[in-house]
Amino acid sequence: MFFDIKRIITIKRKDLYSSMSFIYFLHKMNTKIFNKNQLEAAAKLIQRGELVVFPTETVYGLGADALNKKAILKVYQAKNRPQDNPLIVHVNSFEQAESVCFITDDAKKLMDKFWPGPLAIILFKKDIIPHEATAGLDTVAVRMPNNDVALEFIKLANTPIAAPSANISGRPSPTNFKHVFADLNGRVAGIIEFDESEIGIESSVVDLTVEDPILLRPGGISLEDIQIILPNARLFNHSEITTKSPGMKYTHYSPNARIILFEDSAKDKIGEFEKNLKSKGHKVKILLLENSLECSRNLFKSFRDIDDEKYDYILLNSVPESGIGLGIMNRVRKAASEIIK
Ligand code: TXA
Ligand code: MG
């Protein structure tokens with residue numbers, strides 16, 4: 001057998017880097033599970049600079065004290081998150097929002113209309129928020145979640161809470177306790193166990209630090225709804241995604257199965273593909289999507305369930321890109337390995 005020594009060394013070094021945080025977690029920590037009546041104890045962990053997963057109406061969040069640099073660095077380690085991907089800061093009051101960023105008139109209008117709710121607003125940050133939380137940016141995304149447990153938890157912690165979705169990077173965001181536990185047990189100090197997330201995809205992210213508001217990530221608050229308040233708001237274009245929101249360039253939301261998305265023009269081909277793949281011995285699942293809240297609620301859950309059942313392929317149809325449909329299609333396009341037109 002022929003070995004390319006140089007290549008082996010290169011691979012080994014790469015593996016070593018990518019597994020450094022994994023080695024850190026070989027020594028698993030004891031993760032405490034809290035219920036909604038034990039929020040005080042969970043909040044104490046945040047005050048001590050530890051990580052606690054909490055429920056929100058969109059997906060579960062991996063929380064840390066947003067004012068504590070060391071705690072924030074733990075977030076990146078726990079979920080293997082690239083350092084250039086900024087975090088959303090969660091607040092439970094307008095006063096708390098005001099303590100972390102400069103609130104503009106447009107921001108105030110959006111907050112009055114949509115908070116608490118699935119809308120993160122990017123504004124210029126105040127010095128109190130460390131650059132560790134914003135991946136070096138002078139802007140910060142703020143959001144007031146519409147979930148009583150989350151709001152009470154932030155109140156008890158008595159600090160804004162920085163939180164990305166509580167999944168290992170590259171996995172679908174978790175919408176229930178089981179999925180959080182599967183990804184983060186042993187990697188965080190605590191998890192608050194609560195109901196399934198109602199919306200199921202992450203919040204809409206709107207950038208108000210530019211001339212015309214840009215929707216960088218569509219979610220539970222639709223572009224149409226935002227445009228009623230701010231008529232000049234528009235959806236991002238591709239180049240803005242890499243420059244304005246560093247984290248969004250990463251392939252997210254990927255289950256292990258290969259996802260094939262069929263545009264509306266190709267929807268008649270789904271049956272043919274299914275037959276063909278099955279004839280080659282592949283395990284194939286067809287997921288019928290629709291433009292509804294029920295569909296967004298179940299999307300990531302379906303991806304994880306399908307992985308548990310070891311399917312090789314997921315075949316998906318497209319839905320109209322209006323309302324929540326824009327958010328659903330955004331996630332599905334990112335997860336797809338192939339798009340048939
Ligand atoms: O629904 C949600 O937003 C959930 C729950 C836990 O609140 N959180 C969430 O966080 O989805 P995460 O980190 O998975 O996604 C945050 C997104 C990333 O794509 C990031 O790049 C973007 O928001 N983001 C955060 N701060 C930003 C900033 N200052 N400028 C541009 N993009 C920002
Ligand atoms: Mg995420």
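What you see is a predicted model, and the numbers here were worked out from it, not measured in a lab. What you see below is based on every heavy atom in this structure, not just the backbone, and it leaves out hydrogens, waters and symmetry mates. Order of listing sets the numbers, starting from 1, for every ligand and every atom in it.
Less than 4.0 angstrom separates some heavy atom of Gly61 from each of these atoms of ligand 1: 6 (C). Counting atoms of ligand 1 from 1 in the listed order, those under 4.0 Å from a heavy atom of His90 are 5 (C), 6 (C), 7 (O). Less than 4.0 angstrom separates some heavy atom of Arg143 from each of these atoms of ligand 1: 1 (O), 2 (C), 3 (O), 5 (C), 7 (O). Every atom of ligand 1 is numbered from 1 in the order shown, and the set under 4.0 Å from a heavy atom of Ser203 is 1 (O), 2 (C), 3 (O).
Taking a cutoff of 4.0 Å between a charged side-chain nitrogen and a carboxylate oxygen, Lys74 and Glu132 do not qualify as a salt bridge. Using a cutoff of 4.0 Å between basic side-chain nitrogens and carboxylate oxygens, Arg333 and Glu263 are scored as salt-bridged. We find that Arg304 and Asp308 are not joined by a salt bridge, their nearest charged nitrogen and carboxylate oxygen being 4.0 Å or further apart. Asp312 has no carboxylate O lying under 4.0 Å from a charged side-chain N of Lys278, or vice versa, which leaves the two without a salt bridge. Classification of Glu309 and Lys283 as a salt-bridged pair fails, no side-chain N sitting under 4.0 Å from a carboxylate O. Taking a cutoff of 4.0 Å between a charged side-chain nitrogen and a carboxylate oxygen, Lys108 and Asp112 qualify as a salt bridge.
With atom 14 (O) of ligand 1 as the reference point, the heavy atom nearest to it among Gly136, Ser165, Gly219 is part of Ser165. The option from Arg217, Glu57, Glu202 that lies nearest to atom 15 (O) of ligand 1, judged by heavy atoms, is Arg217. Of the options Ile201, Leu137, Asn85, the smallest heavy-atom separation from atom 18 (C) of ligand 1 is shown by Asn85.
Ser165 lies close to the Mg ion (ligand 2), since one of its N, O or S atoms is found at a distance under 2.8 Å.
More than 12 heavy-atom neighbours from other residues, nucleotides or ligands sit within 6.0 angstrom of NZ on Lys126.
Residue Thr56 has no nitrogen or oxygen atom sitting less than 3.5 Å from a nitrogen or oxygen atom of ligand 1, judged on distance alone.
The hydrophobic clustering, which links ILVMFWY residues whose side-chain heavy atoms are closer than 4.5 Å, places Phe114 and Val91 together.
Heavy atoms of Lys125 come nearer than 4.0 angstrom to ligand 1 in no pair at all. Residue contact check for ligand 1: Leu87 places a non-hydrogen atom closer than 4.0 Å to it.
Heavy atoms of Thr139 found under 4.0 angstrom from ligand 1 belong to the backbone as well as the side chain. Counting heavy atoms under 4.0 Å from ligand 1, residue Lys79 does not touch it at all.
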Trace of the ring pair (Phe, Tyr, Trp, His ring centres under 6.0 Å) decision for Tyr60 with Phe177:
CA-CA 8 Å; Tyr60 276 71; Phe177 171 73; 7.7 Å; no
